[in-house]
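Residue numbers begin at 1 in each chain, while the letters A, B, ... track the order of the sequences. The structure displayed is predicted, hence computed values, not measured ones.
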Protein chains: 2
Amino acid sequence: MARGTYERQTMVRRSATGRIGIADVAVKAGVSHATVSRVMNGNFTVDPEIAARVRAAAAELKYQPNPVGRSLALGKTDTIGIVVPDLANPTFQAILRGLSRAAAQDGYRVLIADSFEVSSEEAILAGEARRRCDGLVLCAPRMSDAELEELVPSLHPLVLINRTTTAADVPSLVVDYGQGVQDLAGHLVDLGHTRLAFLAGPPRSASNGLRLQGLEAFKAAHPQVEVLMLEGGSDFDTGHEAVDAVLDSGATGILAFNDLVAMGLMSGLHERGVDVPGDISVTGFDDIPFARYTTPTLTTAAVPITELGQQAWHQMRALIRKEENDAPGSRYQPRLEIRASSGPAKAPRTAAHG
Amino acid sequence: MARGTYERQTMVRRSATGRIGIADVAVKAGVSHATVSRVMNGNFTVDPEIAARVRAAAAELKYQPNPVGRSLALGKTDTIGIVVPDLANPTFQAILRGLSRAAAQDGYRVLIADSFEVSSEEAILAGEARRRCDGLVLCAPRMSDAELEELVPSLHPLVLINRTTTAADVPSLVVDYGQGVQDLAGHLVDLGHTRLAFLAGPPRSASNGLRLQGLEAFKAAHPQVEVLMLEGGSDFDTGHEAVDAVLDSGATGILAFNDLVAMGLMSGLHERGVDVPGDISVTGFDDIPFARYTTPTLTTAAVPITELGQQAWHQMRALIRKEENDAPGSRYQPRLEIRASSGPAKAPRTAAHG
DNA sequence: ACCAACTTAGAAAACGCTTTCTCATTAGAA
DNA sequence: TTCTAATGAGAAAGCGTTTTCTAAGTTGGT
């Protein structure tokens, strides 16, 4: 029974920081730092009896390894960063949620940085976040392509959302907003609308650019339909304030930049006594959870956005683990979600639904 | 012109981790680590000429201090954690947003942990997050009072939201849901409703408990009105699925747990052809941004929730800086927000609004 | 011209951990 | 019994900073 000569320490030594450290456990168990570390990390080259002693000491002192020291030694933080242009936007909230949940399942946490749509802040935020973390998810950055290309190399491992880059090893998850908006426009045209209006999003938003491209393609393919462009933004108020412009346009089918804008617009139209979809059809984009609970329920293009956040993590994990990545990035096709806010053009109101 | 004997290093040395460290700058500038550190931290006990040389070297190498090493040396991470029961809930999203924005203004970032309503996970998550950060915001924890009391001491600096504790130095920001629900009930009674129903929230939610207490007080003060209790939850679907129970109850005034539940309920009622507020009045709680864009717009109790997140940071900052805190915690009074979803009881529909 | 006081910058310790290196002990084989 | 190999644990180095300690050099007063 190799009875150790260690001495039980009744008084808990407090290190400079006041917290219990590996050293405290070591003296309590009468072993060295190294042994405590080995035991805590499940290294089996330790005598079971000693290991038990260490574990007992650790438990008694309620020792928990300091993650900062650990990070420094291991060169990893088990944390990833995400920078978003606007945390108030449900889309980014959903991405964050999907990312956070998926990462948590692998023991990673996420650190958030909100640029508040200030594109000049993005590079600084991204760099700072990246240094604190093992990787970075850059979400729909508003900066220019040139800035992005310059920044990207210093951010690896990096996953891009709704932007692309020429740099290698940077997976990029993009939603095909161009196709989605064409699907929506096609749906409205099928309903007999010939005069559409697009209520645009933030000018610096790349996803807005994709929608515009999609609409150009649509116009080319459907010369008989008119597609008007209206200035806009990305929130409720944008939609609400656009009522006059929408009514003035004479369009009967309105493609709102996203669901929020569509909701604001519908609310404004309702106040004016305009019937949706009787007088005007409205479509959104994203299919946020609220979309199925508006009155009327909102026709939109559903983006599997939480899944996208999850995919972002999977790509990131592959990067961190330096795994071979078969699909470095993906393209997500929105799915047309036809609800009650779109109906036949200029048809008289009937009891039977569209 | 004391020409230094340092030697310009044309080859960039790469440390083990492959990143540029303080050592690289030191050799490039021909000085010691210590001097580089001093310069980088604006310590003025350095010869301006040397400082310039160091800055030049740092700029040329694009040196950025490693935050992990820095954290270890300084004993702080410039990060705070927040644990929420459900990141999908707009209330917690808003708190996170307010917290994140306020913290960012003081150079702090926030790390998120989502417990997914699993109360047994909360203690582990909280402890882990706390160790990684300089402080923790514990948001509406679902754990029991006893567990909370036991956990709290190990989490300091800690700010509690919608829970209280007997522990000292733990500011606690609580919304007075009890008063808010009484205000809403009073509003409905003023409109002539005499049979109310409360669509309850998650059983473990403390804020639900506060609402129940408030309703007890209300019943005591208004013996002539009936207040029925209905099982519930906190999301859309809860409200949507409660339609039958609500109709069966015969109540004409429905107090939904929150705005989400109210929206789900209104959507369900709409599908059944029940007019709101003509047949039944519905109220929410929280005044989430969507509440003013529902049809009809939602009568609710407005909680200054983003401000609450901001306050949480201010309390946390005071704790971290060990400042004297005049108001260790605050109580937030919801403000009655009367919109279109509530109207006179059983009155025939008229063109003139309620 | 000499000594005290002050500047300035390098050396080294500290932060809390992991891991390599090294050495002592023990088991096993010849 | 003796030598080798294997095992287990401590010493120490390292992760990248900040900061204290120390010593060299400089200034200024007498």
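Applying the salt bridge (Lys or Arg N to Asp or Glu O under 4.0 Å) test to pairs two or more places apart or on separate chains, those with a residue in residues 61-77 of chain B are B:Lys76-B:Asp78. Within the structure, side-chain hydrogen bond (donor to acceptor under 3.5 Å, both in side chains) pairs that include any residue of residues 30-39 of chain A comprise A:Ser32-A:Thr35, A:Ser37-A:Asn41 (at least two apart or interchain).
Residues forming a salt bridge (Lys or Arg N to Asp or Glu O under 4.0 Å) with B:Asp145 (at least two apart in sequence, or on another chain): B:Arg163.
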Close N or O pairs between protein and nucleotides 17-21 of chain D (under 3.5 Å):
from, atom 1, to, atom 2, distance (Å)
D:dT17, OP1, B:Tyr63, OH, 3.3
D:dT17, OP1, B:Asn66, N, 2.8
D:dT17, OP2, B:Ile22, N, 2.8
D:dT17, O5', B:Tyr63, OH, 3.1
D:dT17, O5', B:Asn66, N, 3.4
D:dT18, OP1, B:Asn41, OD1, 3.2
D:dT18, OP1, B:Asn41, ND2, 3.0
D:dT18, OP1, B:Arg70, NE, 2.8
D:dT18, OP2, B:Ser37, OG, 2.4
D:dT18, OP2, B:Asn41, ND2, 3.3
D:dT18, O5', B:Ser37, OG, 3.4
D:dT20, O4, B:Arg38, NH1, 3.4

Do any N or O atoms of the protein come closer than 3.5 Å to N or O atoms of nucleotides 4-6 of chain D, and which pairs are they?
none

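Between B:Arg130 atom CZ and B:Leu111 atom CG the span is 12.0 Å, to the nearest 0.5 Å.
Between the side chain of A:Thr79 and the backbone N or O of A:Thr77 there is at least one donor-acceptor pair closer than 3.5 Å.
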Could you give the side-chain donor-acceptor pairs of residues 97-110 of chain A under 3.5 Å, partners two or more places apart or in another chain?
from, atom 1, to, atom 2, distance (Å)
A:Asp106, OD2, A:Trp313, NE1, 2.6
A:Asp106, OD2, A:Arg317, NH1, 2.8
A:Arg109, NH2, B:Glu128, OE1, 3.4

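We find that CZ of B:Arg132 is positioned 17 Å from P of C:dG16, with the value rounded to whole Å. In this structure, A:Asp78 atom CG and C:dT18 atom C1' are separated by 14 Å, rounded to whole Å. When the P atom of D:dG25 is taken as reference, atom CG of B:Asp47 falls 16 Å away, rounded to whole Å. Summarising the geometry, the separation between CD1 on A:Ile50 and C1' on D:dG8 is reported as 8 Å, rounded to the nearest angstrom. Atom P of nucleotide C:dC17 and atom NZ of A:Lys76 are separated by 16 Å, given to the nearest angstrom.
A donor-acceptor contact closer than 3.5 angstrom is absent between the side chains of B:Gln311 and B:Ser330. Inspection of the A:Ser119 and A:Glu122 side chains reveals no N or O donor paired with an N or O acceptor under 3.5 Å.
Across all strands shown, A:Val68 has no heavy atoms under 4.0 Å from either base or sugar-phosphate atoms.
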